[in-house]
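What follows is a short report on a single structure.
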Amino acid sequence: MSENFDTYDFLINDEDEVMLLLYARNGEPSESSFEFDIEEKSAILHRNPQDDINLSGIPDDVLDSLQDADKLLVCELSLEDNEQDTQIIYAYEAEIIS
């Protein structure tokens, strides 16, 4: 079950805004920020002062969109056996630090 916490995806809308989708974790997000490294194609989502999520293998198009952004929309989803039962647990903005 824990390997699912490492599963994530990025979506880019028509306005070139990036959204990060991942499974909800324990503890509520607060004072969230997102720090990315273009050279390494990686990032760290600081959900709250106690929880950091390392992301790697970020696609180039996502990194290009992030360069021009100051906020990242994050949606944390419930982990369900039936995908149709998935719900958004937390939706929040993380300040982008590059």
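No experiment lies behind these values; they were computed from the predicted model shown. Heads up: numbering here begins at 1 and tracks the sequence.
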Could you grab the distance from atom CD1 of I58 to atom NZ of K41, nearest 0.5 Å is fine?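 If I round to the nearest 0.5 Å, the distance is 10.5 Å.
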
Would you say that [X] contacts [Y] through its side chain, given a criterion of any heavy-atom pair below 4.5 Å between the two side chains?
| X | Y | value |
| --- | --- | --- |
| L66 | F34 | yes |
| S32 | H46 | no |
| L21 | Y8 | no |
| I96 | D70 | no |
| E76 | I88 | no |
| T86 | S78 | yes |

Looking at residues at least two apart in the chain, or sitting in another chain, which of them share a side-chain contact (heavy atoms from CB on, under 4.5 Å) with E28?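 Checked E28 against side-chain contact (heavy atoms from CB on, under 4.5 Å); matches are Y90.
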
Keeping R47 on the side-chain end and S33 on the backbone end, is there a donor-acceptor pair under 3.5 Å? no

Is there a chain of hydrophobic side chains (I, L, V, M, F, W, Y, each step under 4.5 Å between heavy atoms) that links I44 to I97? no

Pick from L77, D9, V74, L55: which one makes a side chain to side chain contact (heavy atoms under 4.5 Å, CB included) with L22?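 Filter result, single survivor: V74.
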
Any chance you could lay out the side-chain hydrogen bond (donor to acceptor under 3.5 Å, both in side chains) test for S65 and D16, step after step, and finish with the verdict? CA-CA 6 Å; S65 295; D16 204 33; 2.6 Å; yes

